Amino acid sequence: MTVDVLVVGGGSAGLAAAVTAARQGGAVALVERHGVLGGMGTASLVHSFCGLYRLGRDQPELANPGMPGEIEQRMRRRSGIDPVRMGKVWVLPQHPVDFVRIADELVEESGVETRYHSELIGIERRGAGWLAELVCRGRREAVAAAALVDASGDAVVADLLGAESKLSEPARLQRPAYVFGVNGVAGELPPLVIGAAIVAGVREGDLPEAARGLHFRTSGRPGEVFGTLDLSGEEAGAGYDPTDPRCLAALEGRGREVAERVTAFLRERQEGWAAAYISHWPMRAGVRESRRWLGRAVLSGAELMAGARHDDDIAAVSWPMEFRETPRGPKLRFPESGRVAGIPFAALTPRAGGGLFVAGRCLSCDHDAQASIRVMGTCFATGQAAGLAAARAAAGEDPAATPAALAAAFGPVPGLAD
Amino acid sequence: MDPACDADGIVAMLRDEGIVELPADFPADGDLFAAGMDSMAVMQLIVVVEEHHGVALGPAEATRESLGTPARLAATIRARQ
């Protein structure tokens with residue numbers, strides 16, 4: 001197969017990249033390892049869109065134009081749920097079942113050719129473009145592409161190319177989350193009371209220590225809640241490594257074990273939970289941080305704190321740095337002056353050049369900045385920028401003009417207006 | 001018994017333990033939930049209160065009325081000491 005743009009990874013960034021590229025008119029293929037798009041928001045059951053809205057506002061105002069607002073609108077129409085304020089930030093509750101269908105509609109309407117159940121296993125330069133090798137259950141397919149977007153979340157393209165990338169040391173990596181669905185819960189969900197019951201259960205020896213990383217939120221559907229369990233990532237007995245299948249196996253197994261024990265405990269102890277049961281497991285645990293690209297610019301946490309702006313900004317930072325370095329809940333750090341930083345196009349541009357762009361949680365940044373830019377709302381924005389850049393590169397237009405082309409297509413970035 | 005079980009002591013404890021990010025002069029009647037405390041932070045809080053004050057808060061005390069401000073949290077702990 002020959003395409004103009006090949007997008008690797010169909011999570012929030014890859015979805016936005018592929019749809020944006022396809023709307024420019026070229027042929028676009030999207031490789032996805034599951035049978036659904038949406039990544040963390042579907043396969044890992046992460047049920048809030050964080051990073052859609054501007055920081056420090058009294059009302060939920062979209063931070064970035066184009067795709068983030070389009071997906072926000074589609075989700076609100078399906079769910080009927082408005083943005084909610086959680087502490088100092090606005091989030092949009094989202095249902096993974098709805099997000100799957102929104103992604104289906106977006107790729108179908110825009111003409112993206114999806115390659116499901118497939119992984120990228122090889123990539124090399126071919127003329128001015130790229131030759132990719134995909135595999136679906138042992139069946140190989142070669143794809144020639146003029147431009148390439150790495151939205152794999154794990155900088156898979158960087159690893160296959162031997163390009164510069166970085167994986168934080170195990171002790172600093174953001175901890176993974178294991179999210180599962182529970183049905184049959186009656187009445188209002190009292191998260192504080194349930195939290196206290198779990199702490200009491202651990203204190204009395206009825207629950208494992210790891211249960212203290214668990215909290216529940218209502219899904220917005222009757223009787224349904226989501227449990228989110230932050231784990232240490234060290235369940236295999238060694239340091240956390242999100243690219244090590246042994247580590248991931250231990251993490252998945254431990255997640256299910258703790259989820260089942262806590263659900264059984266609450267069935268006995270908690271009012272309204274007598275008929276509760278686990279109704280769905282994630283297709284995979286939610287990895288928050290993995291390999292990152294080191295590109296032409298490396299966006300830093302210091303820049304986020306200082307509200308740095310760049311000549312080539314393509315999106316506004318739209319979430320605080322949310323550190324999850326322990327499984328005991330988040331630590332949020334907001335920009336010092338309240339002014340948010342911009343995300344420069346150079347952080348979406350690997351040094352290898354040649355029509356290769358990166359988007360989503362593996363774009364070029366340091367560990368601290370990744371704690372902010374990894375969220376789905378921001379990934380929609382960086383994906384959109386990478387998709388437009390790739391479409392332009394494939395059409396022989398100067399990718400360096402992408403920031404101006406984005407502004408022309410979608411308007412100014414509200415988050416950078418101040 | 002911890003002598004610092006007043007609102008100032010609670011603010012210091014929440015800051016030191018990183019339960020919720022607060023300025024040092026956070027008011028005794030300030031809303032801890034508006035400041036960012038969530039259900040996971042409350043789980044940590046219960047563990048920390050037990051360590052600092054020897055009081056094991058239970059589900060009955062896990063309410064905004066009992067924990068929602070430094071002053072109310074201090075009163076809840078004192079009532080159990």
Side-chain angles (χ1 to χ4, degrees), chain A residues 48 55 58 84-89 91 175 177 188-204 207 209-218 225-230 262 265-266 269-273 320-334 336, chain B residues 10-27 29-77 79-81:
Chain A
S48 299
L55 296 181
D58 293 333
V84 295
R85 190 163 184 134
M86 296 177 70
K88 297 185 205 173
V89 290
V91 306
R175 301 298 106 179
E188 292 286 303
L189 182 75
L192 301 184
V193 172
I194 288 176
I198 290 172
V199 174
V202 173
R203 187 192 296 132
E204 290 153 22
L207 290 175
E209 184 75 20
R212 276 175 46 205
L214 177 58
H215 70 279
F216 290 94
R217 280 246 320 269
T218 175
V225 301
F226 287 116
T228 300
L229 173 65
D230 274 12
V262 174
F265 172 85
L266 292 173
R269 304 269 198 107
Q270 182 61 39
E271 190 186 339
W273 279 63
M321 286 182 273
E322 181 190 321
F323 293 98
R324 298 266 187 173
E325 292 164 348
T326 77
R328 295 281 173 266
K331 301 276 175 278
L332 301 182
R333 282 178 69 200
F334 290 83
E336 272 152 1
Chain B
I10 292 294
V11 170
M13 179 185 77
L14 295 173
R15 284 165 52 89
D16 292 347
E17 297 284 346
I19 306 283
V20 55
E21 231 172 88
L22 301 176
D25 61 350
F26 190 79
D29 61 351
D31 184 342
L32 290 171
F33 290 95
M37 193 161 78
D38 59 11
S39 61
M40 280 204 79
V42 167
M43 292 168 79
Q44 271 183 280
L45 171 68
I46 292 170
V47 173
V48 164
V49 165
E50 192 172 354
E51 286 167 4
H52 283 239
H53 300 287
V55 167
L57 298 177
E61 284 122 345
T63 62
R64 285 172 182 264
E65 290 66 38
S66 300
L67 313 175
T69 71
R72 280 190 232 147
L73 177 54
T76 300
I77 294 169
R80 289 282 310 273
Q81 279 174 329

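Per chain, numbering begins at 1; letters A, B, ... match sequence-line order. Keep in mind the model is a prediction, meaning the values are calculated, not measured.
- Residues A/Val193 and A/Gln270 have side chains in contact (heavy-atom distance under 4.5 Å, counting atoms from C-beta outward).
- For residues 63-72 of chain B, heavy-atom neighbours of chain A at less than 4.5 Å comprise B/Thr63, B/Arg64, sorted by residue number.
- The aromatic ring centroids of A/Phe265 and A/Trp273 lie 6.0 Å or more from each other.
- Ranking A/Arg85, A/Arg212, A/Arg333 against chain B, the residue ahead of the rest is A/Arg212, based on heavy-atom pairs under 4.5 Å.
- By a heavy-atom distance cut of under 4.5 Å, B/Gly18, B/Glu21 are the residues of residues 11-23 of chain B near chain A, going up by number.
- Looking only at side-chain heavy atoms (C-beta outward), A/Asp230 and A/Arg328 stay at 4.5 Å or farther from each other.
- Looking at A/Lys331 and A/Glu325, no side-chain N of the basic residue comes within less than 4.0 Å of a carboxylate O on the acidic one, giving no salt bridge.
- Within the 4.5 angstrom heavy-atom criterion, only side-chain atoms of B/Glu50, from C-beta onward, approach chain A.
- Under the side-chain contact (heavy atoms from CB on, under 4.5 Å) criterion, A/Glu271 pairs with no residue at all, not counting sequence neighbours.
- Counting non-hydrogen atoms of neighbouring residues, nucleotides and ligands closer than 6.0 angstrom, the CD atom of A/Glu204 exceeds 12 such neighbours.
- With a threshold of 4.5 angstrom between heavy atoms, A/Ile198 approaches chain B through side-chain atoms but not through N, CA, C or O.
- In terms of heavy-atom pairs under 4.5 Å with chain A, the best-connected choice from B/Val42, B/Leu57, B/Val47 is B/Val47.
- A heavy-atom distance below 4.5 Å is found between the side chains of B/Val55 and B/Gln81.
- Taking 4.5 Å as the heavy-atom cut-off, the residues of residues 32-41 of chain B that approach chain A are B/Phe33, B/Ala34, B/Ala35, B/Gly36, B/Asp38, B/Ser39, B/Met40, ordered by number.
- Between A/Phe216 and A/Val262 there is a side-chain heavy-atom pair separated by less than 4.5 Å.
- Contacts between A/Arg203 and chain B at a heavy-atom distance below 4.5 Å involve the side chain alone, from C-beta outward.
- A/Thr326 has its side chain out of reach of A/Arg324: every pair of non-hydrogen atoms, C-beta onward, lies at least 4.5 Å apart.
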